[in-house]
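This report refers to the structure that appears directly beneath it.
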Amino acid sequence: MTGDVTLRNARLVLTMDDGARELAGVDIRLSNGVIAEIGAALDPVGEIVDASGCLVTPGLVNTHHHLYQTLTRAVPGGQDALLFGWLKTLYPIWARFGPEDMRISALAGLAELALSGCTLTSDHLYLFPNGARLDDTIDAAREIGMRFHPTRGAMSIGESDGGLPPDSLVERDAAILEDCIRVIDAHHDPAEGAMVRVGVAPCSPFSVSRELMRDSALLARDKGVMLHTHLAENEEDIAYSHEMFGCRPGQYAEDLGWTGEDVWHAHCVKLDGDEIDLFARSRTGVAHCPCSNCRLGSGIAPVRAMRDAGVKVGLGVDGSASNDAGNLVAEARQAMLLQRVMHGADKMSAREALWIATRGGAEVLGRDDCGQIAVGKRADLALWDLDTIEAAGSWDPAALLLAGPTRVRHLFVEGRQVVRDGHVTTIDLPRVIETQNARAAQLAS
Ligand SMILES: [Zn+2]
């Protein structure tokens, strides 16, 4: 429970509500974790925050990440590798991680997201070496105060069975499902305003068995949680699907129960027209990760075609090892730019890309209580200082992705201030960075 906060006289509020209203000079009152009131010259209640120089947007929503990877950024052997070679370089390093590495890397990744405007993030953790657990990342999210959708990932096909990961990083199907049940029962909150929702997320069709994919879908539906994995990321991925399963990834997903409004897939760079129709029809979501796709040379996802067909699309920074940044507002700009490269400057506006980064992501994660600024919705808000050099001379305060800061001035999650004047308030960030760097150096030696 948090006290009341009144944001005074916002220069502009991009609501992302159903009417896409843009409100100038209004106040917003936050109370008990929700947006209680929006209007001009409200009675100042609780703490007053001057928003007169700020653009206010809903908190951005990150739909795909591997927080643990913030400990393995810019690893020399993986810098210029393609996806499968990149994975093979990093697996042995990740195999040395333990619980504290998972917690500290998650804290660093979450802080970076918060500073870039993110209030709700999912995470995909699919390896659990040396006693690491999903709970380690949930602890980190609670500590920093971020709304969190961790997904219990898994790999079950090791090198000796023709898979990509080393045998030491794979688990048995039964143990995976058992731990999924444990973390759902321990942490998943289906209620409106939930701060933690757990998902089930085998790593990818090329690292788990067909049976585990099918059983994961059955388990998730039984428990009422969402499903997530990587799909159709690049040409190697499509070739693997044809060779091993005799079909395209969309068909494989559909056959195993991996379509529906409770499912979202990361990347989907190589979805064809039929698969886009399938995703639209079935209300299956997509986590678009433009920087990662550029970084690994995977291609440009058909986001324009997906959106035109009615597919739910959100943004993901993806793991820091393949981005290597975790700046979500920068990711939104990249999404806009890539669609323009593909289709022309009139095919993705700054406003549309920001909608994808907020409301779009909330839809993908099944959160109709987040992603927009409206009375009764959760008090997750990002305040962007427009009196900074990045926005100086801008004629349009709403065009944040064309001319605007890439760090927030203030950030509220569930009405609680997580960033104040550009600094994270809830954790000792310099200490986290120091610990993170010391551990990275240790892993590199
Ligand atoms: Zn990923």
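Counting convention: from 1, in listed order, for ligands and their atoms alike. These numbers come from a predicted model, not from an experiment.
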Test ring-ring contact (aromatic ring centres under 6.0 Å, His included), reference His124, set His265, His149, His66, output is His66
Original post:
When you look at CZ of Arg172, are more than 12 heavy atoms from neighbouring residues, nucleotides or ligands closer to it than 6.0 Å?
Top reply: no
Q.
Atom CZ of residue position Arg182 - does it have more than 12 heavy atoms of other residues, nucleotides or ligands inside 6.0 Å?
A. yes
Legend entry - Row check, Tyr126 ring normal vs Arg152 NZ/CZ: under 6.0 Å, within 45°: no
In Thr358, Ile373, Leu55, Val56, the residue satisfying side chain to side chain contact (heavy atoms under 4.5 Å, CB included) with Leu14 is Leu55
The complete set of side-chain hydrogen bond (donor to acceptor under 3.5 Å, both in side chains) pairs with one or both residues in residues 330-346, sequence neighbours excluded, reads Asn323-Glu331
Report for the Zn ion (ligand 1), protein N, O or S closer than 2.8 Å, by chain and number, lists His64 NE2, His66 NE2, His230 NE2, Asp318 OD1
